[in-house]
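Notes for the one structure printed next.
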Amino acid sequence: MKRILTIVALACMVASCGRNQTSEGETPQQKAERMEWFSQAKLGIFIHWGIYSRGDWSESWSFHNQVVSMEDYFAQEADFTASAYDPAEWVRLIRESGARYTVITSKHHDGFALWDTKAGDVSSVKSSAAARDVLTPFVEEVRRQGGLKLGLYYSLIDWPREDYPNVFRAGPARYDIHKEPERWQHFLTFNSAQLKELQEQYNPDLFWFDGDWEFSSEEWDAPGIVRMLREHNPAVIVNSRIQGNGDYDTPELGVPVTRPASQWWETCMTINDSWGFRKKDTDFKSPDTVIRMLVDCIGMGGNLLLDIGPRADGTIPEEEVAILKELGRWTSKHQEAVYNTRAGIPAGHVQAYTSLNPAGDILYLYLPYAPNASVEVKGLKSRIRRIRVVGSDRELSWKLYNDIDWSEIPGVLYIDVPADVLDPRMTVLAVELESPCTLYEGSGQVISFNE
Ligand code: GLC
């Protein structure tokens with residue numbers, strides 16, 4: 001294999017061997033167009049909100065794992081008041097964070113729907129103190145304020161329902177779907193009725209499925225579900241948690257260590273240690289940590305979907321508000337190096353996260369530490385036009401050492417980074433190149449002849 005790979009060639013290789021599916025009758029080019037907003041967005045805000053947001057027990061899992069009885073779990077409906085819910089404020093905050101999309105739980109594994117579903121009886125309208133549809137006002141605000149794509153999380157699993165086979169993690173299933181196919185069909189009909197309601201009432205840009213693990217693609221009729229959603233909206237994007245029938249991968253909680261093989265992916269991440277609001281969970285990530293996670297995803301060509309957990313009354317915990325605002329300060333200052341970037345260069349060239357602009361002729365270096373005077377970049381073959389600090393008008397001086405014209409090994413670049421250009425969280429440098437970024441990736445060359 002050739003030792004020198006251009007970044008462009010690498011990107012093409014990744015694109016052609018990515019594992020993500022194209023949908024029926026769609027060319028890879030059409031898929032890339034459909035996925036365009038998603039691949040440019042980089043940051044999304046996830047919202048887990050439901051009766052569990054009273055904050056005593058985890059979302060759905062607490063009754064499934066029998067930490068709490070089903071009765072006590074559902075008694076929380078009386079505390080889901082949404083009394084201080086201000087969807088305009090939620091959307092303003094999400095936009096301020098710099099997110100370009102948001103995904104809200106329309107229904108978690110407990111079956112509690114946030115909209116006025118006609119298909120079932122468990123919803124904020126029919127069975128909670130709020131006694132109203134809380135999803136519609138949020139969707140309306142997202143559409144009214146603009147700048148955000150809308151995603152709806154939908155749990156395929158609905159543990160409390162009598163026509164759903166499983167209820168508790170330990171213990172027997174209610175029934176076997178192969179022995180009672182009509183009962184299972186009854187459940188699937190319910191699920192698709194709810195999905196139809198969601199698509200017809202809200203026409204989301206993205207469906208974020210969860211809970212596919214309990215049954216196979218065939219058992220869920222996953223291809224049928226996706227086909228139904230696409231018939232309604234051919235541009236809709238579907239995440240992977242529908243037994244491989246979706247458009248992009250969703251690693252959870254851990255930021256990938258190496259770049260995922262799929263061309264489109266998103267890490268979903270809690271802001272503390274819980275998806276929904278928990279009174280006892282004050283283990284919030286710092287703005288530094290969140291920014292690093294975001295930049296780590298950007299550098300590997302993916303997105304970060306950062307979760308928040310509003311309380312049952314609709315207020316968002318102050319700590320979460322503060323993190324989102326600081327994230328917003330950073331994303332707004334560094335927007336050229338956040339949105340519409342693509343994966344950076346392989347590790348080893350520089351001690352920093354990296355990404356590239358679409359043309360490949362600006363290499364962004366994200367510096368999580370204050371460098372001691374300079375930053376070193378090895379193996380950069382493209383000539384440098386200039387180097388500047390993103391989000392400021394400062395140009396930086398630099399020097400190439402050992403740039404020998406007869407050697408295939410490029411010189412080592414040293415960029416001077418004075419302390420007064422540093423951002424308090426993460427400084428970003430733009431290395432502007434005269435041509436798309438090309439790298440030397442060899443192990444060195446023996447010089448046998450010196451003039
Ligand atoms: C998991 C959990 C769920 C959570 C989700 C978010 O699959 O079942 O509680 O909502 O991840 O990614």
Side-chain angles (χ1 to χ4, degrees), residues 38 43-68 70 73-74 76 80 99 101-114 122 135 151-161 164-170 191 194 198 204 206-215 220 222 237-256 260 262 264-278 280-281 283 285 290 293-294 297 302-312 320:
F38 180 84
L43 176 64
I45 298 294
F46 208 177
I47 304 169
H48 274 65
W49 200 33
I51 56 171
Y52 48 82
S53 306
R54 189 176 80 189
D56 296 300
W57 308 299
S58 69
E59 73 290 342
S60 310
W61 288 96
S62 50
F63 72 82
H64 181 67
N65 291 335
Q66 291 173 290
V67 171
V68 55
M70 187 88 98
Y73 183 86
F74 276 94
Q76 296 180 110
F80 187 80
Y101 65 111
T102 183
V103 181
I104 183 168
T105 47
S106 64
K107 182 189 93 166
H108 204 263
H109 314 326
D110 58 9
F112 181 81
L114 294 189
V122 185
L135 183 57
L152 295 182
Y153 168 109
Y154 184 82
S155 168
L156 291 164
I157 288 175
D158 197 327
W159 287 318
R161 277 183 66 96
Y164 188 76
N166 305 328
V167 55
F168 301 122
R169 187 178 206 146
N191 254 5
Q194 285 207 321
L198 291 173
L206 188 157
F207 269 97
W208 211 100
F209 286 102
D210 197 18
D212 62 347
W213 64 83
E214 292 197 344
F215 295 97
W220 286 118
I237 293 178
V238 176
N239 77 337
S240 60
R241 297 189 184 178
I242 181 146
Q243 293 289 10
N245 294 274
D247 296 310
Y248 71 89
D249 283 359
T250 53
E252 179 167 326
L253 296 174
V255 176
S262 359
W264 296 283
W265 59 272
E266 164 205 77
T267 292
C268 52
M269 181 61 66
T270 51
I271 203 162
N272 46 9
D273 295 327
S274 316
W275 293 107
F277 172 70
R278 296 292 294 274
K280 285 196 191 135
D281 186 353
D283 194 18
K285 296 178 176 74
V290 171
M293 286 177 171
L294 170 64
C297 291
N303 291 2
L304 177 70
L305 182 64
L306 178 69
D307 182 69
I308 57 170
R311 298 186 188 94
E320 301 186 2

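Every number for a ligand or one of its atoms is a count from 1 in the order of the listing.
With hydrogens left out, the protein atom closest to atom 3 (C) of ligand 1 is His108 NE2, 3.4 Å, a heavy atom. Scanning all protein heavy atoms for the shortest distance to atom 2 (C) of ligand 1 gives Trp61 NE1, 3.4 Å.
Close contacts between ligand 1 and Glu59 involve ligand atoms 3 (C), 9 (O) [criterion: under 4.0 Å to a heavy atom]. The contact set between ligand 1 and Cys268, taken as ligand atoms under 4.0 Å from a residue heavy atom, comprises 12 (O).
Aromatic pair Phe80/Phe112: centroids less than 6.0 angstrom apart. Residues His108 and Tyr52 bring their aromatic ring centres within 6.0 Å. Checked against a 6.0 Å centroid threshold, the rings of Phe277 and Trp49 do not count as neighbours.
Looking at Leu305, Asp210, Leu253 and measuring to atom 5 (C) of ligand 1, the nearest heavy atom belongs to Asp210. The option with the heavy atom closest to atom 11 (O) of ligand 1, from among His64, Glu252, His48, is Glu252.
Below 3.5 Å of separation, one finds no N or O of Trp213 facing any N or O of ligand 1. The N/O atoms of Trp208, backbone and side chain alike, include none that comes under 3.5 Å of an N/O atom in ligand 1.
Relative ring orientation between Trp159 and His64 is described as parallel, the plane-to-plane angle staying below 30° on a 0-90° scale split at 30° and 60°.
Looking at residues two or more places apart in sequence or on another chain, you find a side chain to side chain contact (heavy atoms under 4.5 Å, CB included) between Arg54 and Asp56, Trp57, Gln76, Asp79. Scored by the side chain to side chain contact (heavy atoms under 4.5 Å, CB included) test, Ser240 finds Asp249, Thr250 as partners (sequence neighbours excluded).
Not a single heavy atom of Tyr52 lies less than 4.0 angstrom from ligand 1. Using 4.0 Å as the threshold, Phe209 has no heavy atom nearer than that to any atom of ligand 1.
For Glu252 and Arg241, the salt-bridge test passes: some basic side-chain N is under 4.0 Å from an acidic carboxylate O.
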